[in-house]
Colleague: 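Have a look at the structure that comes next, please.
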Amino acid sequence: MVISYFGVFMILEYKFYIRMASNTDSDYCGVGIRGIAMFIDSFIWFLLSFIAIPVVGLLTGNVETSNGVHTDLDGMAAVIGLSLWFTFAIGYHTICEWKFGQTIGKYLVSIRVTHESGGPPSLQDSFMRNLIRIIDWLPAFYIVGIGVLLISDRYQRIGDRIANTVVVRE
């Protein structure tokens, strides 16, 4: 399934690259390159779950050590674990984009987040664009965000529009 989404991103990137190429003063990034960066960053999100879940398991006593270490969260502990993981994930994007203009995924594909004015995003801008990621992600796999991005002249998802940011090539 990931491969099919990757293929769709690449096709959409090619389709909209022609539109971008005609606008010589624009280096705004479309769906494809941003999708690749998010795919890379999803591995970071996955790794962050290996921090959040065991921390909550240790605090609630839900860690078993027979045959390795196993954390089994349910009920409120699971909600707390998911909330902590989500906080780590949003924090990762927020801090990286505020301090460096890019996450690891964005760095690897040579794109960055900037304020619409061309300067770096503020901490508040970065936090807002990443908090709104929840809405952009709906109903699954960034369908809302991709739809909004495709109808935007500067390829901005909802989070970008609220935070007045754009994603550009380096």
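What you see is a predicted model, and the numbers here were worked out from it, not measured in a lab.
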Colleague: Once ring-ring contact (aromatic ring centres under 6.0 Å, His included) is applied, what residue pairs with a partner in residues 100-127 remain, sequence neighbours excluded?
Modeller: none
Colleague: Which pairs count as salt bridge (charged side-chain N to carboxylate O under 4.0 Å, His left out) when at least one residue sits in residues 44-56, sequence neighbours excluded?
Modeller: none
Colleague: Does one hydrophobic cluster hold both Val168 and Leu150, with members joined at side-chain heavy-atom distances below 4.5 Å?
Modeller: yes
Colleague: Only counting residues at least two apart or in another chain, list the ones meeting side-chain contact (heavy atoms from CB on, under 4.5 Å) with Leu123.
Modeller: Thr94, Trp98
Colleague: Before giving the answer on side-chain contact (heavy atoms from CB on, under 4.5 Å), spell out for Val166 and Val113 the whole-Å C-alpha distance, their side-chain angles and the decisive distance to 0.1 Å.
Modeller: CA-CA 6 Å; Val166 291; Val113 176; over 6 Å; no
Colleague: Using the salt bridge (Lys or Arg N to Asp or Glu O under 4.0 Å) criterion, which residues pair with Arg112? Sequence neighbours excluded.
Modeller: Glu170
Colleague: Could you tell me which residues satisfy side-chain contact (heavy atoms from CB on, under 4.5 Å) with Ile135, sequence neighbours excluded, listed by chain and number?
Modeller: Ile132, Ile158
Colleague: Using 0.5 Å steps for rounding, measure from the CZ atom of Arg133 to the OH atom of Tyr142.
Modeller: 4.0 Å
Colleague: Side chains of residues 71-87: which donor-acceptor pairs under 3.5 Å do they make with residues two or more places apart or in other chains?
Modeller:
unit_1, atom_1, unit_2, atom_2, d
Ser83, OG, Val79, O, 2.9
Trp85, NE1, Trp45, O, 2.8
Thr87, OG1, Ser83, O, 2.8

Colleague: Which distance, rounded to the nearest 0.5 Å, do you find between the CD1 of Ile95 and the CG of Asn130?
Modeller: 10.5 Å
Colleague: Apply side-chain contact (heavy atoms from CB on, under 4.5 Å) to Ile40 and list each qualifying residue two or more places apart in sequence or on a separate chain.
Modeller: Ile36, Leu108, Val109
Colleague: So His93 and Gln102, do their side chains get closer than 4.5 Å, heavy atoms only?
Modeller: no
Colleague: Judged by atom type as modelled, is there a donor-acceptor pair below 3.5 Å linking the side chain of Ser152 to the main-chain atoms of Val148?
Modeller: no
Colleague: Which heavy-atom pair separates Ser126 from Pro121 by the least distance, and what is that distance?
Modeller: N-CB, 4.5 Å
Colleague: Evaluate the side-chain proximity of Leu138 to Ile143: yes if any heavy-atom separation is below 4.5 Å, no if none is.
Modeller: no
Colleague: Restricting to non-hydrogen atoms, name the atom on Ser49 and the atom on Pro54 that form the minimum distance, rounded to 0.1 Å.
Modeller: O-CD, 3.7 Å
Colleague: So, do Met38 and Lys106 sit near enough that their side-chain heavy atoms are less than 4.5 Å apart?
Modeller: no
Colleague: How would you list, by chain and number, every residue that makes a salt bridge (Lys or Arg N to Asp or Glu O under 4.0 Å) with Asp136, sequence neighbours excluded?
Modeller: Arg157
Colleague: Can you list the steps and then say if Ile104 with Ile44 is a side-chain contact (heavy atoms from CB on, under 4.5 Å)?
Modeller: CA-CA 9 Å; Ile104 293 170; Ile44 307 293; 3.9 Å; yes
Colleague: Could you give all pairs that pass the salt bridge (charged side-chain N to carboxylate O under 4.0 Å, His left out) test and reach residues 49-67, with sequence neighbours left out?
Modeller: none
Colleague: Are Pro139 and Val144 close enough that some pair of their side-chain heavy atoms sits under 4.5 Å apart?
Modeller: yes
Colleague: Within the 4.5 Å heavy-atom criterion, are Ile51 and Phe88 side-chain neighbours or not?
Modeller: yes
Colleague: Using the test side chain to side chain donor-acceptor pair (under 3.5 Å), find all partners of Asp41 that sit at least two apart in sequence or belong to another chain.
Modeller: Tyr92, Thr103
Colleague: Considering only residues two or more places apart or on different chains, which pairs with a residue in residues 138-152 satisfy salt bridge (charged side-chain N to carboxylate O under 4.0 Å, His left out)?
Modeller: none
Colleague: Start with the C-alpha gap between Tyr28 and Arg169, add the side-chain angles, then the distance that decides, and say whether side-chain contact (heavy atoms from CB on, under 4.5 Å) holds.
Modeller: CA-CA 7 Å; Tyr28 303 122; Arg169 298 181 193 280; over 6 Å; no
Colleague: Which pairs with one or both residues in residues 115-130 pass salt bridge (charged side-chain N to carboxylate O under 4.0 Å, His left out), sequence neighbours excluded?
Modeller: Glu97-Arg129, Glu116-Arg154, Arg129-Asp160
Colleague: Any side-chain to backbone donor/acceptor pair from Ser42 onto Phe39? Under 3.5 Å, distance only.
Modeller: yes
